[in-house]
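So you know, we letter chains A, B, ... as the sequences are listed, proteins then strands, and number each from 1.
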Amino acid sequence: MRGTGCKTVSVFMIAVGLIVLSTPWVLAAGASQEMFTANNTWMLVATFLVFIMHLGFATLESGLCRAKNTNNILFKNTAIVAIGLLTYVLCGFNFMYPGDFNGWIGFAGIGLSLPAGDAGLIGYADGAYSYYTDFIFQAMFAATAATIVSGAVAERVRLGSFLIFSALYVAIVYPIVGSWKWGGGWLDKMGFYDFAGSTLVHSVGGWAALAGVMLLGPRLGKFVDGKVKPILPHNMPLATIGVFLLWLGWFGFNGGSVLSADPGLVSLVFVTTSLAAAAGIMGAMVCSWMVQSKPDLSMILNGSLAGLVGITAGADTVSITASIIIGLVSGVVVVFSVIFFDKLRLDDPVGALSVHLVCGIWGTLAVGIFSTNPEHKLWVQALGVVAYGVACFAAAFLFFFILKATLGIRVSEQEEREGLDLHEHGVAAYNGFQINAQ
Amino acid sequence: MRGTGCKTVSVFMIAVGLIVLSTPWVLAAGASQEMFTANNTWMLVATFLVFIMHLGFATLESGLCRAKNTNNILFKNTAIVAIGLLTYVLCGFNFMYPGDFNGWIGFAGIGLSLPAGDAGLIGYADGAYSYYTDFIFQAMFAATAATIVSGAVAERVRLGSFLIFSALYVAIVYPIVGSWKWGGGWLDKMGFYDFAGSTLVHSVGGWAALAGVMLLGPRLGKFVDGKVKPILPHNMPLATIGVFLLWLGWFGFNGGSVLSADPGLVSLVFVTTSLAAAAGIMGAMVCSWMVQSKPDLSMILNGSLAGLVGITAGADTVSITASIIIGLVSGVVVVFSVIFFDKLRLDDPVGALSVHLVCGIWGTLAVGIFSTNPEHKLWVQALGVVAYGVACFAAAFLFFFILKATLGIRVSEQEEREGLDLHEHGVAAYNGFQINAQ
Amino acid sequence: MRGTGCKTVSVFMIAVGLIVLSTPWVLAAGASQEMFTANNTWMLVATFLVFIMHLGFATLESGLCRAKNTNNILFKNTAIVAIGLLTYVLCGFNFMYPGDFNGWIGFAGIGLSLPAGDAGLIGYADGAYSYYTDFIFQAMFAATAATIVSGAVAERVRLGSFLIFSALYVAIVYPIVGSWKWGGGWLDKMGFYDFAGSTLVHSVGGWAALAGVMLLGPRLGKFVDGKVKPILPHNMPLATIGVFLLWLGWFGFNGGSVLSADPGLVSLVFVTTSLAAAAGIMGAMVCSWMVQSKPDLSMILNGSLAGLVGITAGADTVSITASIIIGLVSGVVVVFSVIFFDKLRLDDPVGALSVHLVCGIWGTLAVGIFSTNPEHKLWVQALGVVAYGVACFAAAFLFFFILKATLGIRVSEQEEREGLDLHEHGVAAYNGFQINAQ
């Protein structure tokens, strides 16, 4: 239907056309108002997709833990979203994108300040999105790092201390180290590449999780007489809902990181992201079936997340085949990594270290191996991994250490045995159901 | 990549350009076919986001009630979507948007009638959306009001009577009072402002909930010997899923109420909506932690919804700081409001009165306080609150009263004790689980 | 605001206009870069909506089955997504869209190969979507057919055999029979119409489900002494989540099948799809209330899916009124169909045969009855139904038959009684809850 008028040319049309041409959008360099609107709409869609990842984390973490700690986990994950958004308004956004700075740390001031007129709209990012879209898309990312920590320290961390840790980590550490790359800092200038945050989000969360797990110690009953005793998840449908919602959110996490609705790039990212997740499932399925001789649902769920974390650093810059390889390797790695952390007596109830830290590192290095862009170099990728590891682990260790020495970071033994729900919140998550001690 | 051809000018290009200009979209005043497509796509995205709120209501309400009434609640919430959509086709849409009318009540006829040609497409709303998009976006809103009632009367209302009430309320009351503002009626002409429905949707539902709660009386065992006995929610993960889905849906509820994909306004609305929800969580968290000395998950969940309801009337017309204040106040108000309704012996299982009615009123008044538009006046906002309160409470009271006198609105005591699932539906929602009497 | 510059005409503007006109997008016949971006963005939104249907299937199926088989069901549904995506890369996409072929079977080669330059972008589908978008949208559809089978054979099928069946069916049968219509094959040339897959997806899955159900036999305890003994669903909130997520996904399933963001068509499809689902609920509600004398939640959930399957073949080509009729009929049909299959001793735990096969057939025939396009003929629609029935049932029967004769397709009686979770996966889905034998 559209375009049939192409054949009609008339002088009247020419006149109309010239009037249309004189509308303001013609003046925008490189982007029309229409393109701006399409781009900005996609970025807002990506924003709500990243938002729903918080529900994914909440359901995955609570599903993989025990019924008696469910309210506590849901509380943490709900509060973190609020903490993340509010600290990002206060200072996070302006720590992360300080403008012209020394490359290590900069701060553009407290709060938001909409640039006047077109400078906050079509002129803000060359017609790709508005100032407020930039803020809210980035803000939705911010709380993710703290949520990753939440899973690793679940079932034994003290609520108040965890919330304080999260606030500090999200308000200060996440945005400052983020500025090194996405704010145009020193690693960006060296050519380090991390498309959507295998390192900047997932490893940043993973390193803090490692510090937390080390300082907290394992849950009671996890390692008994030198043996690993599995603590069973209480609700696998809930965990599965979590994984699918995380995958759904990843379409915005990676797809939005194109920072426009560019059809070629966003569709490529959808393909690499989906195939890496699928290959992660396949890798974890085959591997766990062989190693454990039973097909393990929690392993393939983690396999899909492993593939997603793995592809995140290079989703826009690797081939289709490479995306499948990255995902497959992630799925295999996550199975052995879970076993490995158990051997190290590092108790991580949801496998966050394996998924987010280990596969975050793998994904970042994979850019150096598989990128179609010759400017992406393996040694720079490795340097980035080390730099983030040192900075994030040190900062998180310091925060947790101070909290441990002051408020305490671990609940009492009685509280842990009877459940955090009853002790910290005074009410169980499931009422009416017969719940057995576990 | 795009735009590199800018430097190439040739006579051939001019000719091609003129041909392109002669396509039909050039004729649309103010909007190109591209802008129309981008706008309309966003409105359809907003539509499916509002749709998913119905799942949010269903899971929140069932999670906060007892296991033995779960099927009943899910049935109500599923049926309401059908009732809402079908009555909106039949008459709701044309009651709500009657065109030129007396400002109090008008009706444009039964069913849908697509305006011919461009009048139903690019010409329908100045290139913002098509006729069918208008209908379906508004239709998704319609059932919301009845769903709010559902939560407040849960665990004791008779299914058939409730469905009849819902059908009448959604088909007649919701659209007629809605026409006073959104249909261009008398309150609109007075300058009353309600961006996305703090009053028109949430309070409209809330007033009916109040009437229902008053006529039904409290659940058995809620108020015993002058004391409030808490009736515990059966499934908090389900309730949490509900709240996050409602928040997700609110991006469409508020974001779609811009009625175009306008990048500046939609992104502003995303920011104010998110921050109000976050501040609502924070307000409810601090307040409930202080008042109840335990951090309460159900309170922060309601706090986020309170913030969302509170910001809904002014999401496009208040500053970022104001949105945080509105959310914070909502979060504090909801905690005290829940306690207050318990004191009044008004039994509201899910806190719908506090969230939707009280914060709906607060949000509407907040426009008069915080709006950046000087034409929004507090007294007009207050007038609107009163007008909707009188009309909706009276209508809902009348409907419930007649139903009570005829069919009856409350299940038998035995039915209430043993659960509505077994009596009204003949089957439990959870089979195989050991469920304790509660 | 936008468009105010329309009144300003100047020679300078004309010059700018001519430069703009000379950018590459002018060269695309019929679509500007802006339109391409808006279209492609919508197709990617539709893609993630179809993706979330897989979570809908997983939760619906597990909710309607027993607690002891939950891990098994979630495993199957997660693995199928991976299998579907990976086989679609490998061969499915190129079996389904082989280009110029004999109309029955063709193959365009292994893997993806992005056409160079604009041929894979704006030139790929006349500005409607890119090559990668085409692939990923279609890939998300592919696994759906196998997932439909999953529900029908649940609670007794052997995991390994089912995964092998799914891989074969999705990799070979689904795309080859799909090519008959969507690939431009012989049925397409005859004028057969199936907008979004009442037949090509839902019946294709349904026929395979029928073959599986016949060869597997009913679950133990379903038919005892000539009587049907209902096996109760273990978690109705989970099933309800599934249905709402499926409906949500259908906005992409049908809305994306417009294959562009065309405002008129996509908004029409949103309306017909929603109203058919609503009417399906209403039809099933009234019918089941009358027939069973109790309002049945699982029936109205299936009623909404029945309406959605029914409208899928003609969502863009029937009137609003017709969409309501199609949905109503679907809702009534699904109730009697469930009873009918029970009478035939065909045990289908989730009602997949009634929803996907029977209503898929009804929807396909309904195009011949209600289409506004006179070229859609009832006999051709019926021919299509028969052709797909013969081909799919035969292929699926053959696959299942060979698997039955070799690996076996049914678990042992002990395994079925004690649950597939413990035997095939070694761990229960719910731990800590007291689960009764059922």
Side-chain angles (χ1 to χ4, degrees), chain A residues 2-3 6 18-24 26-27 32-35 38-39 41-42 45 49 66-68 232-237 240-241 243-245 247-248 251 255 261-264 266-268 270-271 274-275 278-279 281-282 285 294-297 300-301 304 320 324 433-436 438, chain C residues 2-3 5-6 8-10 13-14 16-17 20 29-30 33-34 36-38 40-41 44-45 47-48 51-52 54-55 58-59 62 70-71 74-75 78-79 81-82 85-86 89 111-112 120-122 129-130 132-133 135-136 139 159 235 238 241 424-434:
Chain A
R2 290 193 301 270
C6 277
L18 295 177
I19 290 167
V20 168
L21 285 171
S22 64
T23 57
V26 171
L27 295 170
S32 62
Q33 193 71 35
E34 281 84 349
M35 188 61 94
N39 282 332
T41 298
W42 167 243
V45 169
L49 289 173
R66 286 166 294 180
K68 65 184 177 186
L232 299 178
H234 91 279
N235 192 334
M236 289 307 293
T240 306
I241 288 173
V243 165
F244 274 84
L245 290 183
W247 185 339
L248 175 69
F251 288 116
D262 184 295
V266 182
S267 61
L268 169 65
F270 264 57
V271 175
S274 301
L275 293 179
I281 291 171
M282 206 51 79
M285 180 161 70
K294 296 260 183 193
D296 184 334
L297 175 60
I300 66 167
L301 295 178
S304 75
I320 303 301
I324 295 173
F433 293 94
Q434 179 72 39
I435 307 284
N436 300 332
Q438 191 202 15
Chain C
R2 292 190 301 269
C6 277
T8 324
V9 186
S10 78
M13 287 295 110
I14 295 171
V16 173
V20 168
Q33 192 71 35
E34 281 85 350
F36 176 41
T37 304
N40 189 73
T41 299
L44 291 175
V45 169
T47 298
F48 73 64
F51 166 76
I52 208 62
H54 292 293
L55 177 57
T59 49
S62 54
T70 303
N71 268 351
L74 297 171
F75 192 97
T78 305
V81 182
L85 290 172
L86 293 172
V89 176
L112 300 187
L121 297 170
I122 195 168
Y129 45 85
S130 71
Y132 282 137
T133 299
F135 165 73
I136 195 69
L159 178 65
N235 192 333
L238 199 56
I241 288 174
E424 296 225 31
H425 305 278
V427 64
Y430 300 97
N431 296 290
F433 293 93
Q434 179 71 41

Contact summary for [X] and [Y], nearest pair of heavy atoms:
| X | Y | value |
| --- | --- | --- |
| C:L159 | A:P295 | CD2-CG, 3.5 Å |
| A:P263 | C:S130 | O-OG, 3.9 Å |
| A:K294 | C:E424 | CD-O, 3.6 Å |
| A:G264 | C:L121 | CA-CD2, 3.4 Å |
| C:N431 | A:P233 | ND2-O, 2.7 Å |

Heavy-atom pairs under 4.5 Å with chain A are the metric here; pick the option from [options] that has the most.
| options | answer |
| --- | --- |
| C:S62, C:A79, C:A82 | C:A82 |
| C:L44, C:V45, C:T133, C:V81 | C:L44 |
| C:F48, C:F135, C:F36 | C:F48 |

So for [X], is it side chain, backbone, both, or neither that comes closer than 4.5 Å to the heavy atoms of chain A?
| X | result |
| --- | --- |
| C:Y430 | both |
| C:I52 | side chain |
| C:T59 | side chain |

| By ring pair (Phe, Tyr, Trp, His ring centres under 6.0 Å) - contacts of A:F244 (at least two apart) |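 Ring pair (Phe, Tyr, Trp, His ring centres under 6.0 Å) list for A:F244, sorted by chain: C:F51.
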| said: Checking C:H425 now: which residues fulfil ring pair (Phe, Tyr, Trp, His ring centres under 6.0 Å) with it, not counting sequence neighbours? | reply: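 Checked C:H425 against ring pair (Phe, Tyr, Trp, His ring centres under 6.0 Å); matches are C:F75.
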Is [X] in contact with chain C via its backbone, its side chain, both, or neither, using a 4.5 Å heavy-atom distance?
| X | result |
| --- | --- |
| A:L297 | both |
| A:D296 | backbone |
| A:F270 | both |

Measuring from atom [atom1] of [X] to atom [atom2] of [Y], what distance do you get when rounded to the nearest 0.5 angstrom?
| X | Y | atom1 | atom2 | result |
| --- | --- | --- | --- | --- |
| A:N39 | C:E34 | CG | CD | 9.5 Å |
| C:Y132 | A:S274 | OH | OG | 13.0 Å |
| C:L85 | A:M282 | CG | CE | 9.5 Å |
| C:T70 | A:M236 | OG1 | CE | 10.5 Å |
| A:I241 | C:L74 | CD1 | CG | 8.5 Å |
| A:T240 | C:L55 | OG1 | CG | 8.5 Å |

| Picking from A:I281, A:I324, A:L301, which has the most non-hydrogen pairs under 4.5 angstrom with chain C? |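 Most pairs with chain C among the choices: A:I281.
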